[in-house]
Protein chains: 2
Amino acid sequence: MSDLLARLRARRWRLTAQRRVVAQVLDGDHVHFTADEIHARAAALLPEISRATVYNTLGELVAIGEVLEVSTDGRAKRYDPNAHHAHQHLVCDSCGTIRDVHPSVDPLAGLPAAERYGFTVSRVAVTYRGLCPDCAARSAADPAADSAPARAKA
Amino acid sequence: MSDLLARLRARRWRLTAQRRVVAQVLDGDHVHFTADEIHARAAALLPEISRATVYNTLGELVAIGEVLEVSTDGRAKRYDPNAHHAHQHLVCDSCGTIRDVHPSVDPLAGLPAAERYGFTVSRVAVTYRGLCPDCAARSAADPAADSAPARAKA
DNA sequence: CCCTACCTTAGACAGTGTCTAAGTCAACAG
DNA sequence: CTGTTGACTTAGACACTGTCTAAGGTAGGG
């Protein structure tokens, strides 16, 4: 992923400071940030960067296939820099954490032609949902908090 | 589904006119409406129904498991009344149409314990994406329209 | 070093969903 | 049937996420 900038240059992107910091943030921890989180982290490196630029850059990265958009909860989309290796997601219902998992079989095989209703199927998104170890421990200790998803991370 | 009202009564729900029309709308075509579409259709039957009530009622129906929430595109959530029969979704990237499909194997089996990272996995959402027959035909006839997803149905 | 097309910015705007205070009414008791 | 009560509904303000525009800035080629 460290050659993302090189790939962008090959696509004739103008390498502005803003695009560099967005790429740098995506290149950091392999976490799946929301656009707002990416903006906050980018702003820590380049305070004057605007929200619109982050959205623009993310949209362009998605369009050229360097980054994947993941919408797991109907709230903010998350951006997944791991676009070059097929994978699926494991999502915590409580804190929203996402982990990548790698499929052992091609999930497209699970859909027989008879069930495709004439659709041209090109992709499959598989999302496993449950509780991450931390949240499972917390809900066992305090069952009342079970159904109160924390918006912010602990 | 026609006994949804009976099931709600069994749960000690107060059966107001508003809840009846929401149930009635969900009971209609097996389409997956957004909350706003449900509100519009409910308002056709009961003009003074408010948006908040539709959201409240849908939220309660989801909480008790009578209806499923589906978020396919990061925009409005859609509500799926077919909650009593495990199924997956086939989504058209162009027009947004959703069809239910029925899995031949338990998709949870695709995730070996070694890949669960300590998560307590309770559900799996599988979404197949591609083009519906109509949109595939249209994009074959006019490739330029291929990447311009229509927000409204044709 | 200059130019120009592309990029960024601030802020307004739009869509979706949540919350609150006040009024209303379904269900039950008598 | 009528009264009571607490759950339900309402309008509208609010919050969050994402998009758009006009104006100014700047990367990269000459």
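Chain letters run A, B, ... following the sequence lines, proteins first and then strands; every chain starts at 1.
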Rounded to the Å, how far apart are B:L58 CG and C:dG17 P? 10 Å
Indicate if B:L26 and B:L5 have the same hydrophobic cluster label, given that clusters are the connected sets of ILVMFWY residues with side-chain heavy-atom separations under 4.5 angstrom. yes
Tell me, please, which residues at least two apart from A:R129 pass side-chain hydrogen bond (donor to acceptor under 3.5 Å, both in side chains). A:D93
Which part of the nucleic acid, if any, lies within contact of B:T16, taking any heavy atom under 4.0 Å across all strands shown: a base, the sugar-phosphate backbone alone, or nothing? sugar-phosphate
Taking every non-hydrogen atom, the tightest pair across A:K77 and A:S71: CG-CB, 4.2 Å
Any idea which heavy atoms bring A:C92 and A:C132 closest together, and the distance? SG-N, 3.4 Å
Atom CG of A:L61 to atom P of C:dC7: distance rounded to whole Å? 12 Å
Once you round it to whole Å, what is the distance between P of D:dA7 and CD of B:E60? 12 Å
Nucleotide-resolved protein contact map, nucleotides 18-23 of chain C, B/S/- at heavy-atom distance under 4.0 Å: BB----
Can you tell me if the side-chain N/O atoms of A:R19 get under 4.0 Å from OP1 or OP2 in C:dT8? yes
In whole angstrom, what separates A:Y79's OH from D:dT17's P? 12 Å
Heavy-atom nearest nucleotide on DNA chain C taken for B:W13 and for B:A35; more 5' hit belongs to B:A35
Students often mix this up, so state it plainly: with edges at 30° and 60°, are the rings of B:H87 and B:H102 parallel, tilted or perpendicular? tilted
Of B:T57 and A:R20, whose closest DNA chain D nucleotide lies nearer the 5' terminus? B:T57
Spell out, yes or no, whether A:W13 and A:Y55 are grouped together once hydrophobic residues are joined by side-chain heavy atoms under 4.5 Å, including indirect joins. no
Atom pairs and distances, donor-acceptor, side-chain atoms in residues 32-39 of chain B, under 3.5 Å, two or more places apart:
residue, atom, partner, partner atom, Å
B:H32, NE2, B:D80, OD2, 3.2
B:H32, NE2, B:D100, OD1, 2.9
B:T34, OG1, B:E37, N, 3.1
B:E37, OE1, B:T34, N, 2.9
B:H39, NE2, B:I49, O, 3.1

Write down the distance between CG (A:L15) and P (C:dT8), rounded to a whole number of angstrom. 10 Å
Just how far, in rounded Å, is C1' of C:dC25 from CD of B:E48? 13 Å
Whole Å only: how far is the CG atom of A:L46 from the P atom of D:dT26? 11 Å
Ring pair (Phe, Tyr, Trp, His ring centres under 6.0 Å) contacts in which one or both residues fall within residues 112-132 of chain B, not counting sequence neighbours: none
Dot-bracket notation for DNA chain D, counting Watson-Crick and G-U pairs under 3.5 Å, with | for partners on another strand: ||||||||||||||||||||||||||||||
Do the side-chain N or O atoms of A:S50 get closer than 4.0 angstrom to the phosphate oxygens (OP1, OP2) of C:dT8? no
B:S122 and A:G130 have their tightest heavy-atom pair at OG-CA, 3.8 Å
Using whole Å, report how far CG of B:L8 lies from P of D:dC8. 11 Å
Tell me whether the OP1 or OP2 atom of C:dC25 has a side-chain N or O from B:Q18 closer than 4.0 Å. no
Identify, with sequence neighbours excluded, every residue that meets side-chain hydrogen bond (donor to acceptor under 3.5 Å, both in side chains) alongside A:T127. none
Per nearest nucleotide of DNA chain C, the residue lying toward the 5' end, B:R14 or A:R14, is A:R14
